[in-house]
Participant: 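The structure's right below; bear with me while I get my questions together.
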Protein chains: 2
Amino acid sequence: MEDYQLCPKFENAFELLGKRWTGLIVHVLLSGPKRFKDISVLIPSMSDRMLSERFKELEAAEIIIRHVYPETPVRIEYELTPRGKGLKPVMDELQKWADSH
Amino acid sequence: MEDYQLCPKFENAFELLGKRWTGLIVHVLLSGPKRFKDISVLIPSMSDRMLSERFKELEAAEIIIRHVYPETPVRIEYELTPRGKGLKPVMDELQKWADSH
DNA sequence: ATAATATACTAACATAAAGTAAGTTGTTAA
DNA sequence: TTAACAACTTACTTTATGTTAGTATATTAT
(Lines give C-alpha, C1' and ligand atoms only; values in the text may rest on other atoms or scores of the structure.)
Protein backbone atom coordinates (compact mmCIF):
# COMPACT_ATOMS: atom_id res chain seq x y z
CA MET A 1 0.00 0.00 0.00
CA GLU A 2 1.54 3.22 -1.13
CA ASP A 3 1.14 6.34 0.87
CA TYR A 4 -0.54 9.21 -0.84
CA GLN A 5 1.72 12.22 -0.49
CA LEU A 6 1.06 15.91 -0.72
CA CYS A 7 4.26 16.46 -2.59
CA PRO A 8 7.05 13.90 -2.27
CA LYS A 9 9.83 16.43 -2.81
CA PHE A 10 8.43 18.73 -0.20
CA GLU A 11 8.02 15.90 2.28
CA ASN A 12 11.57 14.77 1.61
CA ALA A 13 12.83 18.25 2.31
CA PHE A 14 11.14 18.18 5.68
CA GLU A 15 12.43 14.74 6.48
CA LEU A 16 15.85 16.31 6.55
CA LEU A 17 15.25 19.84 7.73
CA GLY A 18 12.62 18.68 10.18
CA LYS A 19 15.30 17.00 12.27
CA ARG A 20 16.77 18.77 15.22
CA TRP A 21 19.97 20.78 14.53
CA THR A 22 19.94 20.30 10.75
CA GLY A 23 18.70 23.79 10.01
CA LEU A 24 21.12 25.47 12.37
CA ILE A 25 24.06 23.55 10.94
CA VAL A 26 23.14 24.62 7.42
CA HIS A 27 22.66 28.15 8.67
CA VAL A 28 26.15 28.43 10.12
CA LEU A 29 27.70 26.80 7.07
CA LEU A 30 26.16 29.50 4.88
CA SER A 31 28.85 31.83 6.20
CA GLY A 32 31.56 29.55 4.83
CA PRO A 33 33.25 26.17 5.35
CA LYS A 34 33.79 25.15 8.94
CA ARG A 35 35.59 22.52 10.97
CA PHE A 36 33.87 20.15 13.38
CA LYS A 37 35.06 22.12 16.37
CA ASP A 38 33.98 25.48 14.91
CA ILE A 39 30.40 24.35 14.67
CA SER A 40 30.36 22.72 18.07
CA VAL A 41 31.51 26.06 19.48
CA LEU A 42 28.94 28.02 17.49
CA ILE A 43 26.12 25.71 18.57
CA PRO A 44 27.19 24.76 22.11
CA SER A 45 23.89 23.23 23.11
CA MET A 46 24.32 20.54 20.46
CA SER A 47 26.39 17.51 21.38
CA ASP A 48 29.28 16.16 19.31
CA ARG A 49 27.31 13.00 18.82
CA MET A 50 24.49 14.85 17.10
CA LEU A 51 26.85 16.95 15.01
CA SER A 52 28.60 13.85 13.80
CA GLU A 53 25.29 12.18 12.93
CA ARG A 54 23.91 15.23 11.13
CA PHE A 55 27.11 15.68 9.13
CA LYS A 56 26.75 12.13 7.85
CA GLU A 57 23.12 12.64 6.89
CA LEU A 58 23.82 15.97 5.21
CA GLU A 59 26.71 14.47 3.32
CA ALA A 60 24.56 11.57 2.16
CA ALA A 61 21.91 14.05 1.01
CA GLU A 62 24.60 15.96 -0.90
CA ILE A 63 24.00 19.13 1.02
CA ILE A 64 27.52 19.29 2.38
CA ILE A 65 30.93 17.94 1.30
CA ARG A 66 33.66 16.79 3.62
CA HIS A 67 37.14 18.01 2.72
CA VAL A 68 40.21 16.32 4.20
CA TYR A 69 43.39 18.38 4.14
CA PRO A 70 46.33 16.07 4.93
CA GLU A 71 48.22 18.54 7.05
CA THR A 72 49.62 17.77 10.46
CA PRO A 73 47.38 17.54 12.30
CA VAL A 74 44.84 16.68 9.64
CA ARG A 75 42.31 19.40 8.98
CA ILE A 76 38.77 18.50 8.03
CA GLU A 77 36.31 21.02 6.72
CA TYR A 78 32.64 20.81 5.91
CA GLU A 79 31.29 22.92 3.11
CA LEU A 80 27.87 23.38 1.54
CA THR A 81 27.43 21.96 -1.95
CA PRO A 82 25.56 24.05 -4.56
CA ARG A 83 22.45 22.21 -3.44
CA GLY A 84 23.21 23.20 0.15
CA LYS A 85 23.87 26.80 -0.81
CA GLY A 86 20.50 26.78 -2.53
CA LEU A 87 18.95 26.80 0.92
CA LYS A 88 20.08 30.36 1.51
CA PRO A 89 16.78 31.99 0.41
CA VAL A 90 14.90 29.65 2.73
CA MET A 91 17.14 30.59 5.64
CA ASP A 92 16.94 34.27 4.80
CA GLU A 93 13.16 34.18 4.83
CA LEU A 94 13.17 32.28 8.08
CA GLN A 95 15.50 34.85 9.56
CA LYS A 96 13.14 37.63 8.48
CA TRP A 97 10.22 35.80 10.01
CA ALA A 98 12.08 35.17 13.25
CA ASP A 99 13.03 38.83 13.49
CA SER A 100 9.60 40.22 12.70
CA HIS A 101 7.30 37.85 14.60
CA MET B 1 26.05 29.30 33.09
CA GLU B 2 24.21 30.83 30.17
CA ASP B 3 24.47 29.29 26.77
CA TYR B 4 25.88 31.47 24.09
CA GLN B 5 23.47 31.50 21.16
CA LEU B 6 23.96 32.33 17.53
CA CYS B 7 20.68 34.14 17.42
CA PRO B 8 18.02 33.33 20.00
CA LYS B 9 15.10 34.13 17.70
CA PHE B 10 16.50 31.97 14.97
CA GLU B 11 17.14 29.10 17.36
CA ASN B 12 13.62 29.43 18.73
CA ALA B 13 12.24 29.23 15.23
CA PHE B 14 14.07 25.99 14.70
CA GLU B 15 12.97 24.59 18.01
CA LEU B 16 9.46 24.62 16.58
CA LEU B 17 9.94 24.04 12.89
CA GLY B 18 12.72 21.56 13.54
CA LYS B 19 10.22 19.12 14.95
CA ARG B 20 8.80 16.43 12.78
CA TRP B 21 5.46 17.29 11.05
CA THR B 22 5.35 20.91 12.12
CA GLY B 23 6.42 22.26 8.75
CA LEU B 24 4.01 20.07 6.82
CA ILE B 25 1.11 21.06 9.03
CA VAL B 26 1.85 24.73 8.50
CA HIS B 27 2.20 24.09 4.80
CA VAL B 28 -1.22 22.53 4.43
CA LEU B 29 -2.82 25.23 6.57
CA LEU B 30 -1.47 27.87 4.21
CA SER B 31 -4.20 26.81 1.80
CA GLY B 32 -6.88 27.68 4.37
CA PRO B 33 -8.39 26.55 7.68
CA LYS B 34 -8.74 22.82 8.12
CA ARG B 35 -10.32 20.31 10.48
CA PHE B 36 -8.42 17.64 12.37
CA LYS B 37 -9.55 14.95 9.99
CA ASP B 38 -8.71 16.96 6.88
CA ILE B 39 -5.09 17.20 7.89
CA SER B 40 -4.84 13.58 8.95
CA VAL B 41 -6.07 12.65 5.47
CA LEU B 42 -3.68 15.07 3.76
CA ILE B 43 -0.71 13.77 5.76
CA PRO B 44 -1.59 10.08 6.19
CA SER B 45 1.83 9.04 7.42
CA MET B 46 1.40 11.18 10.50
CA SER B 47 -0.51 9.69 13.43
CA ASP B 48 -3.42 11.38 15.18
CA ARG B 49 -1.37 11.43 18.32
CA MET B 50 1.30 13.56 16.68
CA LEU B 51 -1.21 15.85 15.01
CA SER B 52 -2.89 16.47 18.33
CA GLU B 53 0.44 17.23 19.99
CA ARG B 54 1.63 19.53 17.22
CA PHE B 55 -1.64 21.44 17.21
CA LYS B 56 -1.20 22.16 20.89
CA GLU B 57 2.36 23.36 20.41
CA LEU B 58 1.46 25.50 17.42
CA GLU B 59 -1.44 27.01 19.31
CA ALA B 60 0.80 27.78 22.28
CA ALA B 61 3.29 29.42 19.91
CA GLU B 62 0.45 31.51 18.44
CA ILE B 63 0.99 30.14 14.97
CA ILE B 64 -2.48 28.66 14.73
CA ILE B 65 -5.84 29.36 16.35
CA ARG B 66 -8.44 26.78 17.21
CA HIS B 67 -12.00 27.69 16.30
CA VAL B 68 -14.91 25.83 17.86
CA TYR B 69 -18.19 26.05 15.98
CA PRO B 70 -20.97 24.81 18.26
CA GLU B 71 -22.89 23.01 15.59
CA THR B 72 -24.09 19.45 15.94
CA PRO B 73 -21.80 17.71 15.71
CA VAL B 74 -19.32 20.30 16.85
CA ARG B 75 -16.98 21.49 14.15
CA ILE B 76 -13.43 22.45 15.03
CA GLU B 77 -11.13 24.25 12.65
CA TYR B 78 -7.50 25.18 12.83
CA GLU B 79 -6.36 28.34 11.15
CA LEU B 80 -3.04 30.12 10.83
CA THR B 81 -2.66 33.36 12.77
CA PRO B 82 -0.99 36.34 11.06
CA ARG B 83 2.24 35.09 12.59
CA GLY B 84 1.58 31.68 11.06
CA LYS B 85 0.73 33.15 7.68
CA GLY B 86 4.02 35.00 7.85
CA LEU B 87 5.70 31.67 7.22
CA LYS B 88 4.43 31.60 3.65
CA PRO B 89 7.59 33.07 2.11
CA VAL B 90 9.67 30.51 3.97
CA MET B 91 7.50 27.69 2.67
CA ASP B 92 7.51 29.11 -0.83
CA GLU B 93 11.29 29.23 -0.90
CA LEU B 94 11.49 25.73 0.47
CA GLN B 95 9.11 24.57 -2.22
CA LYS B 96 11.29 26.16 -4.88
CA TRP B 97 14.35 24.50 -3.43
CA ALA B 98 12.64 21.12 -3.24
CA ASP B 99 11.56 21.42 -6.87
CA SER B 100 14.88 22.59 -8.24
CA HIS B 101 17.35 20.46 -6.29
C1' DA C 1 60.88 10.14 27.95
C1' DT C 2 56.48 11.13 29.75
C1' DA C 3 52.57 13.79 30.44
C1' DA C 4 49.42 17.08 28.75
C1' DT C 5 46.78 19.08 25.03
C1' DA C 6 44.21 19.19 20.63
C1' DT C 7 41.09 17.55 16.79
C1' DA C 8 37.70 14.67 15.16
C1' DC C 9 35.39 11.63 16.24
C1' DT C 10 32.94 6.78 18.47
C1' DA C 11 30.72 3.83 22.20
C1' DA C 12 27.71 2.85 25.90
C1' DC C 13 24.03 3.88 28.34
C1' DA C 14 19.80 6.99 29.95
C1' DT C 15 16.00 9.79 28.84
C1' DA C 16 12.77 12.05 25.77
C1' DA C 17 10.16 12.05 21.51
C1' DA C 18 7.64 9.70 18.16
C1' DG C 19 5.08 5.49 16.40
C1' DT C 20 1.19 2.03 17.00
C1' DA C 21 -3.05 0.30 18.36
C1' DA C 22 -6.87 0.64 20.86
C1' DG C 23 -10.22 3.24 23.59
C1' DT C 24 -13.22 7.55 24.99
C1' DT C 25 -16.92 11.08 24.49
C1' DG C 26 -20.76 12.99 22.44
C1' DT C 27 -23.62 13.05 18.78
C1' DT C 28 -26.67 11.50 14.84
C1' DA C 29 -28.45 7.84 11.59
C1' DA C 30 -30.47 3.19 10.55
C1' DT D 1 -29.89 -0.89 19.73
C1' DT D 2 -26.29 -1.00 17.14
C1' DA D 3 -23.40 1.40 14.19
C1' DA D 4 -20.88 5.41 12.56
C1' DC D 5 -18.27 9.60 12.82
C1' DA D 6 -15.27 13.48 14.62
C1' DA D 7 -11.88 14.76 17.63
C1' DC D 8 -9.32 13.38 20.48
C1' DT D 9 -6.67 10.46 24.63
C1' DT D 10 -4.27 6.50 26.79
C1' DA D 11 -1.03 2.82 27.23
C1' DC D 12 2.70 0.74 25.43
C1' DT D 13 6.85 0.09 22.02
C1' DT D 14 10.44 1.80 19.27
C1' DT D 15 13.44 5.35 17.73
C1' DA D 16 15.90 9.68 18.43
C1' DT D 17 18.42 12.49 21.14
C1' DG D 18 21.22 13.62 25.35
C1' DT D 19 25.22 12.60 28.48
C1' DT D 20 29.46 11.05 29.72
C1' DA D 21 33.43 8.96 28.78
C1' DG D 22 36.84 7.15 25.70
C1' DT D 23 39.86 6.42 21.23
C1' DA D 24 43.48 7.49 17.54
C1' DT D 25 46.91 10.37 15.97
C1' DA D 26 49.87 14.04 16.40
C1' DT D 27 52.16 18.15 18.65
C1' DT D 28 53.94 20.64 22.56
C1' DA D 29 55.54 21.14 27.38
C1' DT D 30 58.40 19.51 31.24
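Residue numbers start from 1 in every chain, and the chains themselves are labelled A, B, ... in the order their sequence lines are given, proteins ahead of strands. Computed from heavy atoms alone, side chains included, the values below leave out hydrogens, waters and symmetry copies.
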Participant: Tell me, please, the opening and closing nucleotides of DNA chain D, 5' to 3', among those with an atom under 4.0 angstrom from a non-hydrogen atom of chain A.
Facilitator: D/dT17 to D/dT27

Participant: Provide, to the nearest angstrom, the distance between the CD atom belonging to B/Glu15 and the P atom belonging to C/dA17.
Facilitator: 11 Å

Participant: Can you tell me how far P of C/dA6 sits from CG of A/Asp38, to the nearest Å?
Facilitator: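 After rounding, the gap between these two atoms is 15 Å.
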
Participant: I need the CE-P distance between B/Met50 and C/dT20, as an integer number of Å.
Facilitator: 11 Å

Participant: Send over the distance from A/Phe36 CZ to C/dA6 P, rounded to a whole Å.
Facilitator: 16 Å

Participant: Take atom NZ of B/Lys37 as the centre, draw a 6.0 Å sphere, and report whether it contains more than 12 heavy atoms from other residues, nucleotides or ligands.
Facilitator: no

Participant: Is there a side-chain contact between A/Tyr69 and the phosphate of C/dA8, meaning an N or O under 4.0 Å from OP1 or OP2?
Facilitator: no

Participant: B/Arg20 or A/Arg35: which one's nearest nucleotide on DNA chain C is closer to the 5' end?
Facilitator: A/Arg35

Participant: If you pin B/Ser52 and A/Glu57 to their nearest nucleotides in DNA chain D, which one's is more 5'?
Facilitator: B/Ser52

Participant: Closest approach to the side chain of A/Arg49, judged atom by atom: which nucleotide of C/dA18, C/dC9, C/dA11 is it?
Facilitator: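 Among the listed nucleotides, the one closest to the side chain of A/Arg49 is C/dA11.
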
Participant: Send over the distance from A/Lys56 NZ to C/dA8 C1', rounded to a whole Å.
Facilitator: 11 Å

Participant: Please tell me if A/Lys37 has a side-chain N or O lying less than 4.0 Å from either OP1 or OP2 of C/dT7.
Facilitator: yes

Participant: For B/Trp21 and C/dG19, is the shortest distance between a side-chain N/O and OP1 or OP2 below 4.0 Å?
Facilitator: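 For B/Trp21, the contact criterion (side-chain N or O under 4.0 Å from OP1 or OP2 of C/dG19) is met.
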
Participant: Is there a donor-acceptor pair closer than 3.5 Å between any side-chain N or O of A/Asp38 and the backbone N or O of A/Arg35?
Facilitator: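 The answer is yes, because a donor-acceptor pair under 3.5 Å joins these two groups.
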
Participant: Short question: side chain of B/Trp97, backbone of A/Arg83 - any donor-acceptor pair under 3.5 Å?
Facilitator: yes

Participant: Checking salt bridge (charged side-chain N to carboxylate O under 4.0 Å, His left out) for the pair A/Lys19/A/Glu57: CA distance, chi angles, key distance, verdict?
Facilitator: CA-CA 10 Å; A/Lys19 285 192 162 186; A/Glu57 294 164 359; 3.3 Å; yes

Participant: When the distance from CG of B/Asp48 to P of C/dT24 is rounded to whole Å, what number comes out?
Facilitator: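 The distance from CG of B/Asp48 to P of C/dT24 comes to 16 Å, rounded to the nearest Å.
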
Participant: Can a donor-acceptor pair be found, under 3.5 Å and without considering hydrogens, that links the side chain of B/Ser52 to the backbone of B/Asp48?
Facilitator: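 No; zero donor-acceptor contacts below 3.5 Å.
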
Participant: Assign B/Tyr78 to base, sugar-phosphate, or nothing according to its heavy-atom contacts below 4.0 angstrom with the strands shown.
Facilitator: sugar-phosphate

Participant: Are B/Leu30 and B/Ile65 connected in a single hydrophobic cluster, I mean Ile/Leu/Val/Met/Phe/Trp/Tyr linked by side-chain heavy atoms less than 4.5 Å apart?
Facilitator: no

Participant: Could you check how far CZ of A/Arg66 sits from P of C/dT7, rounded to whole Å?
Facilitator: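 Computing the A/Arg66:CZ to C/dT7:P distance gives 16 Å.
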
Participant: Is the B/Phe55 ring parallel, tilted or perpendicular to the B/Tyr78 ring (thresholds 30°, 60°)?
Facilitator: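 Aromatic pair B/Phe55/B/Tyr78 classed parallel.
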
Participant: What integer distance in Å separates A/Ile76:CD1 from C/dA6:P?
Facilitator: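 Taking CD1 of A/Ile76 and P of C/dA6, I get 18 Å after rounding.
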
